[in-house]
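In what follows, every chain begins at residue 1, and chains take the letters A, B, ... in the order their sequences are listed.
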Amino acid sequence: MGSIKRKSLEDPTEESAPHPKQQRENGFAGVDEPVACLHDVSYPEGFVHRSSDKAVAQEESKPAKEFPFTLDPFQSEAIKCLNIGESVMVSAHTSAGKTVVALYAIAMSLKNKQRVIYTSPIKALSNQKYREFKEEFSDVGLMTGDVTIEPNASCLVMTTEVWRSMQYNASDLVKEVAWIIFDEVHYMRDRERGVVWEESIVLAPKKSRFVFLSATVPNAKEFADWVAKVHQQPCHIVYTDYRPTPLQHYIFPSGGDGLYLVVDEKGKFREDSFQKGLNALVPSSEGAKKNEAGKWQKGVVAGRAGEESDIFKMVKMIIQRQYDPVIVFSFSKRECELLAMQMAKLDMNGDDEKVNIETIFWSAMDMLSDDDKKLPQVSNMLPILKRGIGVHHSGLLPILKEVIEILFQEGLIKCLFATETFSIGLNMPAKTVVFSNVRKFDGEKFRWITGGEYIQMSGRAGRRGIDERGICILMVDEKLEPSTAKMMLKGSADCLNSAFHLSYNMLLNQIRHKDSEPENLLRNSFYQFQADRAIPDLEKQAKHLKEEKDSMIIEEEDSLDNYYSLLQQYKSLKKDVRDIICSPRYCLPFLQPGRLVCINCSGDENSPAFSTDDLTTWGVVINFERVKGLSEDDANKKPEDADYTVDILTRCAVTRDEVSKKTMKIIPLKESGEPVVVSLPLSQIYSLSSVRLVIAKDLIPLQNRENTLKKVSEVLSRFSKEGMPLLDPEEDMKVQSSSYRKSVRRIEALENLFDKHEIAKSPLIEQKLKVLHKKKELTARIKQLKRAVRNSSVLAFKDELKARKRVLRRLGYVTDDDVVNVKGQVACNISSADELTLTELMFNGVLKDLKVEEMISLLSCFVWQEKLKDAPKPRDELQLLFTQLQDTAQRVAKVQFECKVQIDVENFANSFRPDIMEAVYAWAKGSKFYEIMEISQVFEGSLIRAIRRLEEVLQQLILAAKSVGETEFEQKLEDAVSKIKRDIVFAASLYL
Amino acid sequence: MRDIESLRLNQTQKLRFEKALEQLDFLSAAANSNACVAVADTILVDHQDGLLKGHGTTDFDGELVATVCGVVERVNKLVYVRTLRARYKPETGDIIVGRVIEVAPKRWRLEINFTQDAVLMLSSITTGEDIQRRQTADDELNMRSIFVENDVVCAEVRGVQHDGSLHLQARSQKYGKLERGQLLTVPPYLVKRRKQHYHYLEQLGIDLILGCNGFIWVGEHIDTKDDMVEDQVAKSEQQNENPGDNFSKETYTSVEIRQNICRAANAVRVLCALGFNITADVIIETVKLSNSVDIHEMLGPEFYVLVAESEVERRRSSKRI
């Protein structure tokens with residue numbers, strides 16, 4: 001028993017050489033090898049090296065698995081770590097060959113008769129890996145939410161979620177598993193699911209070893225340090241930037257007709273060629289700047305009538321140059337399909353290939369019922385597949401997706417249109433990767449692709465051993481600065497940051513087990529680790545700022561302070577008044593073209609002026625329009641504060657430098673600058689004058705604009721004595737609001753005070769105020785830093801934990817002394833839907849009453865998250881149920897809000913979507929899949945995923961019903977499962 | 001209360017005792033207004049929609065009827081009957097103490113006062129090894145070196161498996177075989193579920209484990225380390241324990257500790273006989289109260305009355321607050 005001590009504290013011979021934490025054992029081990037990889041080790045604090053004889057013994061023995069090819073340095077380095085029985089984190093590009101390390105770990109465990117677990121983020125990926133491992137080693141099992149095969153095998157492939165719940169349930173496995181392989185561990189930064197990885201890693205048995213496979217992350221070391229600390233074991237890092245096939249990056253300007261090499265295989269950025277490429281860019285339509293929001297899509301998708309679209313030209317060129325197979329990445333499912341449709345004229349496959357495709361396709365579709373075979377998605381797919389074109393996105397039927405993956409791997413698909421999801425997982429490389437867009441919609445706005453994303457996706461380019469180099473093509477449809485391009489093409493990978501957050505299910509599970517504490521989990525989380533690490537830095541900053549603050553000495557600080565606060569009040573009042581006047585309700589009728597308006601020209605809003613007057617200038621209104629939500633203006637973008645923007649002609653200093661973007665700064669009329677039309681949010685307008693100018697119809701020629709501005713200056717000088725006649729808010733604009741009048745009165749009072757204030761007469765008042773302001777800012781900064789330090793030195797999430805526990809107590813899930821109640825027991829079982837709302841719904845008897853179909857339909861709201869625009873409302877009965885759900889959700893959210901959990905009540909209630917209620921209702925009634933597709937406008941794949949998840953929720957509810965002893969309800973849920981679990985929705989994966 | 005009747009109380013003791021009981025009745029009457037039901041009693045519910053019928057209830061001629069004796073509990077629309085004086089009903093996460101009754105293939109069967117025997121799988125315990133590995137036939141053969149029949153084991157309820165059997169787990173250092181102490185059996189309703197079921201009574205130098213199933217362990221204190229360092233130390237301890245010469249030294253328990261164990265055990269017996277809730281605090285208080293009497297006198301009539309009176313005092317003072 002316990003013959004070998006891995007880390008013994010009492011071993012006296014070793015005591016003399018304690019290894020400090022983070023010591024570099026053989027850092028940069030691979031420097032002199034052809035392809036360098038970094039090797040580093042993190043030791044836990046107080047770690048004492050174990051006697052070396054075991055390591056030697058291990059190394060001499062035969063390797064657990066031999067590979068038919070020579071290993072890359074990083075692979076052999078990682079395998080060395082495995083051989084000495086220590087954890088390792090491998091961080092390398094997608095196609096570099098990390099699987100080799102996983103395979104070796106599995107082989108080693110099997111040889112030692114140990115259990116090994118392989119987890120991956122996605123069910124489909126687990127299926128694929130299962131197949132891959134099963135071919136290699138026979139003793140392999142699979143556990144995902146959907147299927148369980150040979151759960152007693154030595155090597156188990158599962159999703160991370162399954163692994164986590166096994167740990168919570170104290171499954172037997174937990175004790176037996178020697179090695180745990182986490183594939184794609186960089187998923188940990190996923191906002192929604194990342195926390196699962198953290199939980200799994202923290203909860204993992206202390207004596208097992210880990211293999212982490214991750215995309216390149218710059219802070220791999222930090223991650224390893226964390227693992228070392230949490231599990232008290234050394235963790236190696238093997239990091240490599242190496243790509244087996246070097247990449248060449250090209251750009252393809254839209255409307256142009258060629259490729260421009262931007263980054264060559266040595267990683268050199270070619271500025272000249274980049275500029276040439278941009279010059280060839282033909283903007284999609286001149287002067288269409290205003291409706292930028294819609295532009296990204298049109299640019300590529302629509303093309304110009306009668307002409308071949310860019311994408312078509314490009315694919316044709318790729319085929320001609322034999323750069324195929326090619327993967328075209330785009331960022332929306334619809335776009336993917338549209339692009340594929342444009343390829344209609346191309347045919348890239350020979351006759352025998354066509355026959356091949358047809359055989360594969362129909363043998364895969366064989367498992368579908370005849371009705372399902374007639375689904376439009378199925379029947380439309382074959383013709384394009386036959387021509388060598390494929391589509392791959394999450395909206396496809398899972399079975400189609402798998403067929404396409406298989407066809408692609410067989411080389412029968414030459415051109416694949418895919419979304420980002422295709423970039424993770426199984427090795428499916430192409431020679432060429434095309435990015436159809438440089439921007440991606442991230443839920444809020446269209447932003448540039450990040451370097452990390454680019455790296456991940458371009459990882460698909462270049463087939464090892466076949467292509468000499470991989471080719472990446474970026475389709476550019478707008479000007480971009482070289483710096484932006486560099487960031488994208490040569491940017492560093494994204495950091496691995498913790499996305500830890502609390503959930504009630506997690507808390508309840510932790511509270512329920514007597515020997516675990518939620519606090520413990522939090523203390524060991526990566527989030528806490530990262531926060532702890534930042535403390536010394538923050539403290540230093542705070543100290544620095546404090547010194548700076550103390551060095552500032554101001555005379556008469558008190559009275560100045562007084563004056564300063566008066567000024568602040570005055571300003572905020574002014575702003576209130578302005579906000580009222582400029583609210584669209586009042587001022588829109590007066591924004592006719594030609595009206596003179598006074599606008600803010602202090603440039604950026606951060607540098608405040610210190611007098612009672614603001615820096616203003618005048619301009620002419622040209623037009624105003626509603627902001628369509630998501631556009632990103634070049635000048636003064638402040639999308640959050642205005643529903644309307646006003647186009648105003650005024651004088652601007654336009655600076656264009658090579659590196660940064662074009663910037664425009666509004667300047668007073670008299671200074672030299674260009675007359676430009678800028679669009680400003682309403683809040684930028686100070687006041688409206690009663691004067692309107694006649695403006696030229698065509699403002700495009702510079703001369704016309706210059707003339708208009710001249711007129712403005714003339715008007716200004718004419719009124720210079722008595723001041724510009726302004727629109728009177730109350731008389732002209734009909735502003736009738738008591739708050740307006742109150743503010744005006746207070747402003748008057750304040751103005752009086754200013755005059756009386758003696759310090760106002762001090763000559764250097766302006767400078768003094770500036771200094772004071774700076775000092776105030778510093779004080780605020782210091783406060784903020786101190787708060788940050790405090791927050792991270794105490795337990796991260798401590799307040800939230802308290803708040804959430806309060807919620808659980810308030811709703812009766814746990815008792816006052818933290819013992820889980822009946823309700824808590826129920827909520828413990830629910831992890832695939834919002835546990836509180838669903839439990840409340842159940843305990844309020846809402847579910848019990850309903851017909852089975854209605855209940856299924858109602859539960860569908862828990863699993864559907866996509867927002868559909870103008871989806872038809874479900875019929876009345878269902879709508880009624882949905883309102884009931886929303887009421888419950890609102891109540892739950894309100895309680896949370898009252899307990900100081902940060903939550904937006906409305907948003908929370910709206911996060912339940914009724915969009916697929918009808919479809920699911922019909923499905924539960926026994927409709928065919930094509931029938932339910934007709935009544936819902938969602939993608940087939942999305943619907944299938946939702947129904948599968950619904951089944952998961954039902955299974956969890958069955959457990960819940962069992963725990964309260966409600967047999968009738970349990971029966972009903974069983975019934976529900978059998979009603980939805982049929983046909984194409986639950987068709988088995990092809991990989992199994 | 002049967003035990004009480006067999007006590008020979010003298011006249012004054014009887015009077016004092018009856019008064020104490022009366023006062024207790026009075027104190028609890030206000031607090032406990034929950035409806036108590038017997039088997040076949042109708043549970044009053046307004047027959048509105050969506051009633052959830054939980055444990056201990058059934059539908060009978062359109063009426064909700066209790067199938068067990070106990071207290072009706074309502075959580076929103078869920079109605080169930082919490083039983084009194086019944087067997088223990090396990091819930092996931094409960095800490096229990098049980099006695100091994102059989103060593104079976106890959107598992108031990110434990111008596112835990114539930115309607116069926118609990119199962120503790122060989123794979124659900126920590127053996128103190130430092131290697132994570134699969135169970136082998138050897139392990140199975142060695143099971144008797146871990147627990148044998150009649151051993152007292154502390155474990156946590158893992159949950160009901162798909163086949164309906166109740167599984168336990170003992171995968172933390174706290175769990176495992178209990179030695180050098182006494183096992184007491186009380187009705188499970190006297191032990192309330194709490195966050196903490198392990199108690200180290202420092203002044204007495206003993207450990208107290210209040211199993212949710214009504215099995216209470218009182219034994220000599222054994223050090224357990226907290227989670228992080230525990231593994232390493234525990235390992236070395238176990239290695240040291242193995243050789244036989246250490247063994248005899250380790251099993252020696254001082255007279256003082258043994259007396260303390262007896263005191264605490266008797267305290268539990270008295271409390272149980274009086275039907276008071278058993279918590280660590282009450283046990284400590286009772287032990288303190290017993291300082292004036294000999295251990296064997298703790299089971300005498302005078303002490304029962306004393307405990308009852310002090311309980312009255314305790315409840316009264318907690319009520320005032």
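- Interface residue Lys823(A): only side-chain heavy atoms are found under 4.5 Å from chain B.
- Of the listed residues (Gly159(B), Gly54(B), Gly56(B), Ser124(B)), the greatest number of heavy-atom pairs within a distance under 4.5 Å of chain A belongs to Gly54(B).
- For the atom pair Asn829(A) CG and Thr92(B) OG1, the distance stands at 8.0 Å (nearest 0.5 Å).
- The parts of Ser154(A) that come within reach of chain B are both its backbone and its side chain, each placing non-hydrogen atoms under 4.5 angstrom from that chain.
- With values rounded to the nearest 0.5 angstrom, Arg512(A) atom CZ is found 11.5 Å from Arg193(B) atom CZ.
- Considering only heavy atoms from C-beta on, Glu968(A) comes within 4.5 Å of Asp59(B) through its side chain.
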- request: Please report the C-alpha distance between Lys192(B) and Val819(A) in whole Å, then the side-chain angles of each, then the deciding distance to 0.1 Å, and finally whether the side chain to side chain contact (heavy atoms under 4.5 Å, CB included) criterion is met.
  value: CA-CA 10 Å; Lys192(B) 291 273 168 293; Val819(A) 177; over 6 Å; no

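- Counted within 6.0 Å of NZ on Lys177(B), heavy atoms from surrounding residues, nucleotides or ligands total more than 12; the atom is thus considered enclosed.
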